[in-house]
2 protein chains.
Amino acid sequence: MSTDNERTPRGTVRTITDLARIAGVSPGTVSRALAGKSLVNTKTREKIEAIAREHGFRPNQMASGLRRQKTGVIGVVIPLGHDTRQQISDSFFMTLLGYLADELTREGYDLMLRRVVPETDADWLDRFIGSGMIDGVIVIGQSDQFDRIEDVADGYLPMVVWGNHTEGQRHCVVGTDNRLGGRLAAERLIAAGASRLAFLGDTKPMEFAARYAGAQDIAARMGVPIVALPTHLSPDHAGEEIARHLGDHAGNIDGIFAATDTLAALCLTALRERGIAVPDDMRLVGFDDLPIARQTVPPLTTVRQDIAAGARGLVDLLLRRLAGESTESLVLPPNLVIRQSA
Amino acid sequence: MSTDNERTPRGTVRTITDLARIAGVSPGTVSRALAGKSLVNTKTREKIEAIAREHGFRPNQMASGLRRQKTGVIGVVIPLGHDTRQQISDSFFMTLLGYLADELTREGYDLMLRRVVPETDADWLDRFIGSGMIDGVIVIGQSDQFDRIEDVADGYLPMVVWGNHTEGQRHCVVGTDNRLGGRLAAERLIAAGASRLAFLGDTKPMEFAARYAGAQDIAARMGVPIVALPTHLSPDHAGEEIARHLGDHAGNIDGIFAATDTLAALCLTALRERGIAVPDDMRLVGFDDLPIARQTVPPLTTVRQDIAAGARGLVDLLLRRLAGESTESLVLPPNLVIRQSA
DNA sequence: AGGAATCTTGCAAACGTTTGCAAATTTCCC
DNA sequence: GGGAAATTTGCAAACGTTTGCAAGATTCCT
């Protein structure tokens, strides 16, 4: 259609007032015309729209935001609790972020991403919310900031958190039923022949703690032992730590539930190096069902989180809260995906 | 220190004027005090700061942005050219995004992420820039929008693009020397014993085209044939497409240069399924050196891009441009990482 | 044709900061 | 102690939009 935007004097028309002058109307009318309000004459509107198009005019969002007291921007914040370094590049969070971007875009919102280190900045959440730059906030991962989030939740409605659901908590959370996931994983390990289990991963973050607890449920019920092998997530350290664990617990375990597919993949490499056959000598179950789970050798049996559904849930609940509704949390069911590692 | 923010009447003090009233000074003074200007008496400043802290006051960024004509926000936009679906979850871009978030945070900027589909929205770049919401923009990937970006570059300084550098282009770009990378890959394949090469990946995007061109350089010089096996990036289709390619070209090739580690990993799976031994029957080289490259079986030989350095370069150049400087493009050297697939 | 009902428009006051300018206060020096 | 210099404050005008209110223009009806 109008591919003639190369001949326009860019920047001539910067404000709605400039445009109004050219069109011979008042700024108010221009504003209404561009906003598509019904109060303006069709003829006038068309003229204004034409001029706007011709000059490539866009109303200033800052000014608009200030006046309307809303910005059309949703804040997405990733608190880096323990493993400060580059947890943000964690595959799972990044994938979730991708889906979030999709969903928010579809709903007409922009996404402001912020990475915070709560330890050096206790005030991270209030700062973000109080900035006036965002209409609502999505927190990706509770990390070790559960209390801080609870504090804020009482006074600030438009916030939704990705993470673990705890009985009686006050903030609205979307997440997988980690405990159930842990149960599925342990059941599978045992069904595949394991009788001495291990949980590989940091047990302090809530999500992981719940996964471990689920596995413990089953271990207790079936009368098999389970031990936790604490491991950091950062890929540099994780490799060595896993190798060390495998050394320490040599023949004492025959089934590993890894807190994450990423850890599971690293574990698989370490197992191969030690010549331990999977799944014959060692059963291994991961968590997440990231793309990598399909590509390891052998392919990973894992507990699937539906990331797309999670993102949709987060956005959906947030929009409802923006509209004033006070929503319940959403707990998504995990799904055991059986491949060849257990 | 002051952990007493639970007893503060949140929201009592919303504006700088409220705060001024309490402190018994004028709004202007409060503004100056909070901004740390030297023009305000130390005593006064301290009083104001104390009150601000006590009430958890934060100046409204929208208003500030409007007045100062700068927002402290950098836009990061990912144009999804061909493979519309979820290219945004592509590992490489996501990793780069993670590093960008780190760098921008360090420099005190926020990051506004936008995902656009140029085909349905020809105006994507102007819209983002003209929104008044961002001080500058980083474009991740030229996709098929080279011309549009060039158009904008003439009139808008604070823009830096991740992508491929072409002789004489007008926009400032940061990226790996893809052609050289392609050469390294092809050389390695041949050195590892390959004599009939293939390039696996879409050859239309500039970066990939350059990688292919580099491989062709070497193939021509060494007198070996090379064929392109066009493949989409979306992980759902890629798997089948690769399998089909392998079927079609059964015995005709013995060395594959994959445009991406992700593709290489998929290719490895497909090769295993067909019982083709790597590297004995087939040599394989990837590109990027993502974490996955270390974990495949066998581990991938690949051409490394220094993503962290790329992010640093992007931010550094952008800041210089924000300061009015007109910077040159930055081309980073690729590095061949030899593992076991070739 | 006259007046009521309906559409369109303009006016001007917000939204919450920042900042140039000038006034008020303090400090300093002889 | 008197005045100049330096420091600290307040005033008020921006920044660019939106919107309630009222005035002006049209339409419609009898």
Side-chain angles (χ1 to χ4, degrees), chain A residues 10-49 51-52 55-73 110 127 129-135, chain B residues 10-49 51-52 55-73 110 127 129-135:
Chain A
R10 268 305 141 94
T12 308
V13 178
R14 305 215 61 72
T15 81
I16 230 172
T17 314
D18 296 342
L19 182 40
R21 198 176 319 115
I22 296 183
V25 297
S26 81
T29 304
V30 174
S31 172
R32 282 185 271 252
L34 261 32
K37 306 250 184 184
S38 56
L39 308 91
V40 48
N41 184 301
T42 318
K43 208 91 177 281
T44 320
R45 177 206 311 295
E46 276 163 3
K47 181 163 72 172
I48 291 175
E49 279 171 346
I51 299 180
H55 293 267
F57 170 78
R58 333 229 155 263
N60 181 308
Q61 302 253 90
M62 283 273 151
S64 165
L66 178 58
R67 171 67 227 237
R68 312 211 336 264
Q69 298 291 80
K70 48 164 59 183
T71 64
V73 180
D110 268 312
R127 266 246 308 283
I129 291 172
S131 72
M133 282 283 256
I134 56 177
D135 291 343
Chain B
R10 266 306 139 93
T12 308
V13 178
R14 304 217 62 72
T15 80
I16 230 171
T17 314
D18 296 341
L19 182 40
R21 197 176 320 114
I22 296 183
V25 296
S26 81
T29 303
V30 174
S31 172
R32 282 184 271 250
L34 262 33
K37 304 251 184 185
S38 56
L39 308 91
V40 46
N41 184 301
T42 318
K43 208 91 177 282
T44 320
R45 178 207 310 295
E46 276 162 5
K47 180 164 73 173
I48 292 175
E49 279 171 347
I51 300 180
H55 293 266
F57 170 78
R58 334 228 154 264
N60 183 306
Q61 302 252 91
M62 283 272 150
S64 165
L66 177 58
R67 171 65 227 237
R68 313 213 335 267
Q69 297 291 82
K70 48 164 57 181
T71 65
V73 179
D110 267 312
R127 266 245 308 284
I129 291 172
S131 72
M133 282 283 256
I134 56 178
D135 290 343

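The sequence lines fix the lettering, A, B, ..., with proteins before strands; numbering per chain opens at 1. Here the structure is a predicted model, which is why all the values come from computation and not from measurement. Every heavy atom of this structure was used, including side-chain atoms; hydrogens, water molecules and symmetry mates were not.
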Minimum heavy-atom distance B:Ala52-B:Leu34, with the two atoms named: CB-CD1, 4.4 Å
Residue whose closest nucleotide on DNA chain D lies nearer the 5' end, B:Thr42 versus A:Gln61: B:Thr42
Under 3.5 Å: donor-acceptor pair, side chain of A:Thr17, backbone of A:Pro27: no
Qualifying residue for side chain to side chain contact (heavy atoms under 4.5 Å, CB included) with A:Ile48, from A:Thr29, A:Ile22, A:Ile16: A:Thr29
Any side-chain heavy-atom pair of A:Asn60 and A:Thr15 under 4.5 Å: no
Heavy-atom pair of closest approach, residues B:Met62 and A:Thr71: CE-CG2, 3.2 Å
Where chain B begins and ends its contact with DNA chain D, read 5' to 3' at 4.0 Å from heavy atoms: D:dT8 to D:dG16
Exercise: identify the closest heavy-atom pair between A:Ile134 and A:Ser131: N-OG, 4.4 Å
Sugar-phosphate only, base, or nothing, as touched by B:Ser31 at under 4.0 Å among non-hydrogen atoms: base
Separation of atom CG in A:Asn41 from atom P in C:dT6, rounded to whole Å: 18 Å
Toward the 5' end of DNA chain D, by each residue's nearest nucleotide, A:Met62 or B:Ser26: B:Ser26
Sugar-phosphate only, base, or nothing, as touched by B:Lys43 at under 4.0 Å among non-hydrogen atoms: nothing
